Structures are given as C-alpha cells and as structure tokens.
Amino acid sequence: MPETDKDELRSATDHSDHDSGERNGSVDVKTENGQKSASSSKDPSRPRRKKARRACFACQRAHLTCGDERPCQRCIKRGLQDACHDGVRKKAKYLHDAPDGALAPGAGTPFYNQGTAAQSNGNNTFAQDGNTAIKTPQASSSTATTNNNNKFYPPSTTPYTTTFEPNQASSQVLTDSTMNPGPFTNSPVSPTFSMSTASAMPSISQQTNEMAPGSGAGQNTFGAFFDPSDPALFNFDLASMNFGNRYGALEFGMLGHMATGAGDTPPSDNGGPRGSISQRSNSQQFGTPAPGTFTDSPNQQTFMFNDSILNEWPNGQNPGRVSVGSLYGQAGMHLLQQQDAPPHAFAIGSNNFASSPSTTSPHATVHANPYDDSPMKAKPVISTPHLRHQSLYTSSKRRTREPSSIYESVKEPYSYTSGFHKLTAFIQRRFTPQKRVRIAKALASIRPSFIATTKTLNQDDLIFMEKCFQRTLWEYEDFINACGTPTIVCRRTGEVAAVGKEFSILTGWKKEVLLGKEANLNVNTGGGGSQMDTPSRGSLTPRYPGQEANPSAVFLAELLDDDSVIEFYEDFARLAFGDSRGSVMNTCKLLKYKTKEDSELVKPDEGRWNAHVSKGGIVGEAGMNRLGFKDGRVECSYCWTVKRDVFDIPMLIVMNVSFSISNKTPSKTKKCVPMALETPSRDPRQVRKSRIPFDCPDRIPANKIQLGIPTANIPPDGLAAYPSLAEGVYYGVVTLDPAKFVYNKDESTGQSVTSGAAATSSSEKATILPAVLSIGYNPFYKNEVKSIEIHIMPPLSSPSPTSISISNSSKSGNENNDTDQFYKLPDFYSATLNLLILGYIRPEYDYVSRDALVEDIRLDCEVARKSLQRDAYVRYLAEDDDDDDDHVKEGEERRWLRKF
Ligand SMILES: Cc1cc2nc3c(=O)[nH]c(=O)nc-3n(C[C@H](O)[C@H](O)[C@H](O)COP(=O)(O)O)c2cc1C
Ligand SMILES: Nc1ncnc2c1ncn2[C@@H]1O[C@H](COP(=O)(O)OP(=O)(O)O)[C@@H](O)[C@H]1O
C-alpha cells in the first residue's frame, strides 16, 4: 500500500486529536484574544465557518470539517500536510452508473476529456467491442499519437486514407477508406468490424402488444410520464442533481424513461429494474464510457465539414484522386480522398463541377473520321472534379435566410424535451423489448455526461444554443447542396433538420416530409424479409392520428431498419461525448419511403414508388432511386459524426450515405443482374455518340501491375483529334477490320489474319460487338497521358462471362484467376478498330487495390451489356441488315462501323 494511503487510513482511524470536531455538537471558535471558547452549534449567534468547497481525503474519511486551503489546518496540525489532497466526492445517486474516472479528484473538466491520460494505461475500450470502427484522425495531441498502447486509434497509414479537410491534419473526419466494406474488414483500424447482421424482426403480435391501447394522436401513451413537472417520473431525482434549471433533467430524463421502460424486459437481461447500465458485468458490452474512452478536448473546433466550408479547397497543385474500394460495392467512394487531396463529389445533376482538364497529345495519327459530328461538344460533367470552394454549387436561388437574421429570429429554446418524448414514444412503439433495452442502455450510458454538461444552463444559454444550432445548420445547407453525396443532418434527438436532394433520391423520402412540413405517410419499417409492413401492424410512422395536420420532423431512426437503429445508438453513445473529431463508419439499411397505398400494390411498381420524388423533378437521376425498391431497404455505407456546441453538448448529427449494389447483395442466379446495373434511361451525361476509328498499335511492353483484362489501347497521340472526349467509363460498340481479324460468330472467337495470309474479302461484314471503355488517365496507374482503353465483350446473345461477381465465383470454388472471367480474343494488334461510343457509365477512379478495380470493370461490363439491351441500342448489335427504313440513323452508323 502506498505510504500516503496508509497515512490516510491511519488518519481516518485516528480520532485521538479531534480538536475541532463538530460531532460533539460544538465548534471551537477563536476569540479576539486568541483564546478558544466553546460555543454550542445550536447557538445562532456563533460565527459560522465558511463551508469548504471540498473536504480533504483525511477529513472526509473522518467526517470532520475541513477547509479550502491545502494542506488544511487539520492535516498541518497532524503533520500530514504532504498527504492532504481533495477527497473523492461520493457519487450522487443519479451518477451511479458514471464511470469512476468521471468524478476523480481534480477532475475539473468533464471526465470525457481525460482520455489521453487514460489511454496510456492501455485502458482503452473504445471500439474494441468489435462492432464498429469509430475512427479518429491522427490525434493532434502528442500524447495520443505517441501512445503505443492506444489500440483503437492506430495511426492510419493506409493509402486510402482520405479527408474532407484539405490541408489540416487536425481536422480530418471523413477519414477514409473504411467507408468501403473491403477496407472495413481489412483495415487495422477496424480489425473486427462487423457488417450489420440481420436479426429477426419482432413478430407482429409482439409489437402489437407493445402498443399501448389507443396510443393514437395526441393521446399520452405513457400517461403521467409525460408530465415533465413530475420528477418522480424520471428515474432520478431532479433536486439531487443540482441543476441550475430543470432543462437538462427534463431532456435527458426521457432517456432515463427509456431505460425504465426497458425494465419490463425479461429478467435474463443484465439491466436492472431501471435498465441501469451500471449493473452490467461487462463494460465493453454496451459501450459504457470507460476512463480513456473519451479522448478529445471539447475545445477543438474541428469537424467534418465546417472547415472545408469556410476554407478554400487547395489550389490544385496536388490534384487529388478519388481512391475507392470498388465503386459499386463501396459506396463511400465519393467521400474518399487522399489525405492531401481536395474533396471530390459524385455529382448528381449538378452541373457545377468543373471537369478535369483534358490534355491533348501533340501527335495526332488517328484517322480522320468523315462522320465525326464532333461528339460531346457539350462537355459532359465529370464527377470526379478537382473542387475548389468557389466552384461549390450553391443554389442559384438566393438563400432566404441571412445568417444574422438567425440571431434575431430565434427567441425560444428548442424543445428537445418534446423531441425526446416523441422519440421515446416512437421507440416504444416500433421495437421489441429486447431491442428497446439495447437502445435504452446506449442512451443511458451518456446520461451522466449529458447531465454534467447541461447542469448549469439557463434560459439564455438555451436560446443561444438554438442560435448556434441554426447558424451551424445554415453552413451545412450550403454544403449539402454542393456536395452531391446523400447527406442528412439531424438534431441530437435524431429529428431531421436538413437533407440533401441526393438523400431523397436514394430513399424516396421527400425533404418536406423529413423536415415535418408535410405529413409522413410512410408505413415501411423494414419488416422482416422482403415483406412490407402492413398498416395494421401499428408500429408504423404515420405516428399519431391527426399527425398529418401537424406533422413533425422525422427521426433518423425512422429511416433505418431495426438493426441499423440499434447500432446507430450504440455508436452514438460512444461518439456523442467522445472524440469530437471522431466519426463512425458502418453499414446500414435505409428504409425507402413507402405509403400504405404503395405497399398494397400487388406487385411492387417501380414507377409508382418513385413517384414520391418525381414531382421534384429528380426521379430517374442516376438510377439511385431504383435501389432497394423491391424490399424497401437500401443497403448503404454511411459515415457520420456528431458536432458539439459551445457547451460541449451534442448538437448535430451529420451523416453521409453511400449505397452499395455490389456483391454484398448476392445474386442467386447467374443471369440475375440487378436493375441498378443499368445506366439511367435518361442519361444525365447526355453522351453524344462518338465515332472513333484507329489502328491498334503493336504490343507495347508494360512495366506495371497487369490487370489481365485485355484492352485495346488507342495510342495517346491518336486522341488529339478528339479533345472534347471527356474522361470517364463508357459503353459502345466496335468493329475490327475483317481484313485483319475475322470474328467467328458461331464460336464467339476470332482469328487474326496474319500478314501474308490471304486477307478476307473486305466485303465480309465486320461483326459489331459490344464494348466497354475508359477514357482518361487511369488514376490507378497515375498515367500522365490521356488514353482510351477498350474491352470488347462477346455478343449479347452469348452468355456474359462477367455476369457473376468475382468474389462469388471464387467462393463457389472457382479456382480460376478472376481475370479469366473477362472475354479474350486472339490478339488483333495493328488491326483497325472502329469505335462508336453510346453511353456513359461512371467517372474514372483511383482504387485501393487491383482487385477493387477489376471488380468494378467487371460491373462496368454488366452495366454496358444491360444498357445495350435497351430498345434504343438493339439496332446497333442486330444481326440483320443495315438498311432498315425505321432506323435510318442507326443504319448509317452501322455502315460507318463496317467501313474499313
Ligand atoms: C471499363 C473500364 C473501366 C476502367 N476504369 C478505370 C478506373 O476507374 N480507373 C483506372 O485507373 N483505370 C480504369 N480502367 C483502365 C484500366 O486500368 C486499364 O485498362 C488497365 O491499365 C489496362 O490493364 P492491362 O495492361 O492489364 O490491359 C478501366 C478500363 C476499362 C476497360
Ligand atoms: N476482349 C478483348 N478486348 C480487347 N482486346 C483484346 C480482347 N481480347 C484480346 N485482346 C487483345 O489483347 C490486346 C490487349 O492486351 P492487354 O494485355 O490488355 O494489353 P497489352 O497490349 O498492354 O499487353 C489487344 O490489343 C487485343 O489484341
């Protein structure tokens, strides 16, 4: 035992010199002449000793009066001055479940800011629960960065680390890679990251039973509980909390109630009768903040986007490239940039992004094309722009709200209490007790921190808090309009406060509904399997009868399926008062907006489904709104963070969502190609057809990682004649000069006509074949000259070798190399190739791995094939004659294709 402890123990038991004890009911008072005189404690005239702010350890133990000075008089007297230090305050009842470190002596600052020291003890439990990567950028604190014991924030050196913050190491949030399932699982940051696992939905009867009878509009499902003036309704005592006001208690009392509500769960649950998290045996299990969990200073004003918004993007000296896992599978791609790179966005319908500059080659050797009608004169928008802040698109409409008006217009605090009331009611209604208890525990775990931060707030503070909120939101509105990534911003209650157009496209939830300006008629709660919920189930969102007349903002939880909601709250509990620069990256399932009418359709009708957003003129864009229309859920990756206000209270939840349509949705049959693989029928890029004839060069030895996907390369100098060809991945059709290469239609093979051999008659019609191509700089290879790479595919009538995912095929025991899936013809070097570009697929990206690039090219092939099956294109690949009166244009283009 350390000496001091022994001393303290000794002093605590040594009562022999109780020279100033109050316990006998009298105090010693010095008289003017220095003489002690005893006076009764009951004597009202006796001078009162000033109450000590906090007793020292020894006095506290001995229950004796102490002073503010250190060492205190009593310890000096006893020769224990060296050991005189503040005692540990007994935890208030309501703080019983607070981590010990929270109330440690000397903890003048909120306990969640003391993580750095605790981390060095290796005490760090954050993110070790194997559930989710909560990522923080490299800590700015030297203690944190040099801390080898810090297991959950290893310095990330992954090449795909990205950031929205152009040049500030201290303000990275969207750090990376982990938006991608691939990196998620492999990243050292999240070694045990687990994707959402489906758990059985509660049975209908269970849920129905959960519904309080008559829990309808305006009815108080929880009866007296909702009388906020009744402290007994919360599972803590307001008076004992020493609140300067009742606000904090009321607001988070709701969370207490949720824990209380959880009390009626089966006894097997670890939670006590009140669902108290303090009773659990494993602190990691539910993510209770342990010492060391909270690692950041609230003073650090770094956040996901704020600096990006206020600062300029870097000036392009270091053109960043999007580094992605796999485009289709890794939705986060448009969020991901290299650390030193400016942000990129996946622009949807915003023509504001400047396209990358195209370079022209000095040597033009491409055949002049008499038919060339200067394709793509209107340069298509490139979606991997090198953004500068000033090029951020902000609506041409003038903003109605001036930031300064916020300060005048906000006169009242926001009623978070009622927000939590509604959230509680919603959670009670929708979730089974087991699920509720998990959410309740998560929220209960941040209650102490919340109480600590809200304790002294008064009405003025609360109004100021709302002003801060509105002002911050004002900044985000600009960002949301510009960034092109589905984005949603919520209050800490989860009430939606701002939403981007792309989010609406993706989910079908209209902005007006989300913000509570229009009635929420959604009935989709993501019920088990592919079944839509039926309105009779009772857990639906039209929540209160009559609500339509007075709608309120939708909760984030209403947009997610059950498991995602639980994970969200568990993550929220870690982040809300945790690392102020941290972010959560995870997968989730977003629920599509679906009305009762929609769900009664016998067969889901895509057209009607999408009608929710079509009025806004966004239906069809990028095909995003088609995702998840079958079972009402869109599997997504998301990255979100919590922004805290000046009081260090969680203020905003900002969430970027990206969708995945890759192999995570297993295709059962070989031929099953998801709808979303089609490019949108109304091509947003408005690709104008391009005709490009060129001679395939001889083989050029390459000293790079070979993809093994055969691509005919147009020599870079040949591109000079087509300066307007914008970078990107496209599909189209090609022919090869039959004098040099004979394609065998029956066997889907070909034969090169070697020099010297009798050339095939040029009257032999060249076979028109589907192709997919990329134009640009191949960011994965960081080429410095622009090139076109064309991969020829077998005719649409033949099976597609790329129709099943490479990872699926290797799972099913296919030992072949993944690139064996790509169509291979005999070499046709030096043959002339005519290329007709028909449509756009996506921008070119940088990739985290060769496999990710290969997987995306495979999907490009499928997108191309699916797109070429459209009515508008079938004529190009038809076997029959070019002279078709109904298709003059196509006939003419086919003739051009076959002309050598
Ligand atoms: C359909 C298609 C899409 C492509 N997309 C990209 C891309 O997004 N990023 C990139 O760096 N390269 C892309 N490429 C270019 C490949 O990197 C290029 O074809 C490869 O360097 C050629 O490999 P090889 O030498 O094994 O033939 C694409 C190629 C094709 C055919
Ligand atoms: N499906 C195909 N698409 C394009 N080229 C093919 C195909 N099958 C075979 N080839 C042949 O492969 C060559 C490209 O091979 P590749 O390995 O990609 O390039 P490199 O010339 O760099 O070795 C083409 O020029 C062509 O002769």
Side-chain angles (χ1 to χ4, degrees), residues 321-328 330 333-334 344 356 382-384 679 694-716 727-737 740-741 743 748-754 767 769-795 798 800-802 817-833 835 837 839-865 867:
R321 291 188 164 114
V322 178
S323 179
V324 299
S326 164
L327 166 59
Y328 300 96
Q330 333 275 352
M333 70 280 178
H334 29 279
H344 296 274
S356 312
I382 286 287
S383 309
T384 50
T679 54
F694 68 95
D695 287 335
C696 297
D698 286 338
R699 182 186 292 273
I700 310 157
N703 57 349
K704 58 175 190 180
I705 312 167
Q706 292 287 299
L707 286 190
I709 303 170
T711 50
N713 306 12
I714 292 194
E727 294 105 88
V729 177
Y730 298 83
Y731 58 88
V733 287
V734 295
T735 48
L736 288 160
D737 181 358
K740 292 276 180 68
F741 185 87
Y743 185 79
S748 276
T749 59
Q751 182 193 327
S752 236
V753 181
T754 50
T767 305
L769 292 166
V772 65
L773 57 135
S774 91
I775 302 177
Y777 298 86
N778 295 355
F780 184 67
Y781 292 105
K782 307 198 173 16
N783 289 354
E784 283 173 1
V785 275
K786 195 172 171 184
S787 68
I788 300 190
E789 312 240 8
I790 304 162
H791 173 67
I792 301 174
M793 295 180 288
S798 304
S800 165
T802 46
N817 187 314
D818 51 19
T819 52
D820 287 353
Q821 273 195 306
F822 292 88
Y823 191 47
K824 277 199 177 63
L825 289 163
D827 288 347
F828 46 80
Y829 292 108
S830 76
T832 302
L833 182 149
L835 164 70
I837 300 177
Y840 171 80
I841 301 176
R842 65 172 173 89
E844 276 197 308
Y845 289 111
D846 193 359
Y847 284 83
V848 295
S849 68
R850 170 198 166 278
D851 289 354
L853 171 58
V854 170
E855 173 62 8
D856 267 7
I857 297 179
R858 180 192 77 75
L859 274 152
D860 292 331
C861 294
E862 290 308 297
V863 172
R865 292 176 75 82
S867 302

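Note that the coordinates shown come from a computational prediction; the quantities given were computed from them, not determined experimentally. The figures that follow rest on heavy atoms only: side chains count, while hydrogens, waters and symmetry mates do not. Read the numbers this way: they start at 1 and go in the same order the structure lists the ligands and their atoms.
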Across all chains, not counting sequence neighbours, the side chain to side chain contact (heavy atoms under 4.5 Å, CB included) partners of Ser774 are Val729, Asn778, Glu789, Glu844
Thr711 (side chain) donor-acceptor with Asn713 (main chain) under 3.5 angstrom: no
Answer with side chain, backbone, both or neither: which part of Ile790 has a heavy atom less than 4.0 angstrom from an atom of ligand 2? backbone
Given Ala831, Cys861, Pro826, Pro710, which has its nearest heavy atom closest to atom 7 (C) of ligand 2? Pro710
Applying a 4.0 Å heavy-atom criterion (strictly less than), which segment of Asp846 is in contact with ligand 1: side chain, backbone, both, or neither? neither
Do any N/O atoms on Thr711 end up under 3.5 angstrom from N/O atoms on ligand 2? yes
Distance filter under 4.0 Å to Val772 heavy atoms, resulting ligand 1 atoms: 1 (C)
I'd like to check which ligand 1 atoms, numbered from 1 as shown, lie under 4.0 Å from a non-hydrogen atom of Thr711. 19 (O), 22 (C), 27 (O), 31 (C)
Between Tyr829 and ligand 2, find which residue part has any heavy-atom pair under 4.0 Å and reply side chain, backbone, both or neither. both
Just going by heavy-atom distances, which of Glu789, Met793, His791, Arg850 is nearest to atom 22 (C) of ligand 1? Glu789
Hey, does Tyr777 sit under 4.0 Å from ligand 1 if you only count heavy atoms? no
Between ligand 2 and Ile709, can you find any atom pair, the residue atom being a heavy atom, that is separated by under 4.0 Å? yes
Look only at interatomic distance and state if Asp860 has a nitrogen or oxygen under 3.5 Å from any nitrogen or oxygen of ligand 1. no
Is Ile857 close to ligand 1, meaning an N/O of one under 3.5 Å from an N/O of the other? no
Backbone or side-chain N or O of Gly708 under 3.5 Å from ligand 1 N or O: yes
If the cut-off is 4.0 Å to any non-hydrogen atom of Ile709, which atoms of ligand 1 fall inside it? 27 (O)
Atom 10 (C) of ligand 1: of Ile792, Leu773, Leu707, Asn778, the nearest heavy atom sits on Asn778
At a non-hydrogen distance cut-off of under 4.0 Å, which region of Leu707 contacts ligand 2 (side chain, backbone, both, or neither)? neither
Taking both backbone and side-chain atoms of Tyr823, is any N or O found less than 3.5 Å from an N or O belonging to ligand 2? yes
